[in-house]
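First the structure, in the form of structure tokens, and then the observations on it.
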Amino acid sequence: MFKRRKYGPPNQTTRRQRAVEQAMTTVRSWQELTIIDESTPERKVIARVSTLQFGLIIFLLAGILTGYIGHIHTSQDLLAEINTQRQENVRLHLQHNRLVADYNAFVGPSVIYGRAEALGLQRGHEYAGLIHSGAQQTEP
């Protein structure tokens with residue numbers, strides 16, 4: 001354990017060896033050290049977690065946080081797309097209503113009756129009323 005000097009009598013101890021022996025006599029025995037360890041308070045939670053477990057927990061938390069932030073950005077993009085599509089839907093409904101109104105302005109009943117009267121035709125409901133009342137039209 002300790003090196004001996006090459007010169008001098010072998011039973012002489014060096015200053016260093018004496019210091020080590022003196023220190024060993026002042027150190028507590030192993031039994032005393034275990035008693036001291038048993039009287040210490042219980043270790044904290046962070047001290048009970050190994051480095052590997054701590055690293056895995058940090059990695060898991062970072063993954064969850066990254067997924068959550070990605071979900072928020074995806075939701076915001078989807079909401080913007082929904083709003084764009086909703087505006088397009090409203091625009092198309094307004095265009096459809098305008099086109100239906102224009103079509104009805106060209107082929108609606110008031111326009112057709114006006115053109116029929118201009119051609120000398122009678123209204124259909126007046127003619128139908130004459131037939132149902134039993135009056136027969138005689139041709140000259």
- [ ] Locate the shortest heavy-atom distance separating Arg48 from Gln53; write the atom from each residue and the value.
- [x] O-OE1, 4.5 Å
Task: Over all atoms of both residues, closest heavy-atom pair of Ile112 and Val107 - done: CD1-O, 3.3 Å
Task: Verdict with supporting geometry, Asn97 and His93, side chain to side chain donor-acceptor pair (under 3.5 Å) - done: CA-CA 6 Å; Asn97 290 341; His93 274 285; 5.6 Å; no
Got a list of side-chain donor-acceptor pairs under 3.5 Å for residues 77-88, not counting sequence neighbours?
| from | atom 1 | to | atom 2 | distance (Å) |
| --- | --- | --- | --- | --- |
| Glu81 | OE2 | Gln85 | NE2 | 3.0 |
| Asn83 | ND2 | Leu79 | O | 3.4 |
| Thr84 | OG1 | Ala80 | O | 2.9 |
| Glu88 | OE1 | Arg91 | NE | 3.4 |
| Glu88 | OE2 | Arg91 | NH2 | 2.6 |

Please tabulate, for the side chains in residues 54-69, all donor-acceptor contacts under 3.5 angstrom to protein atoms that are two or more places apart in sequence or on a different chain.
| from | atom 1 | to | atom 2 | distance (Å) |
| --- | --- | --- | --- | --- |
| Thr66 | OG1 | Ala62 | O | 2.8 |

Task: Shared hydrophobic cluster, Tyr103 / Phe106 (ILVMFWY, side-chain heavy atoms < 4.5 Å) - done: yes
Open item on the list: According to salt bridge (Lys or Arg N to Asp or Glu O under 4.0 Å), who are the partners of Arg98, at least two apart in sequence or on a separate chain?
Closed with: none
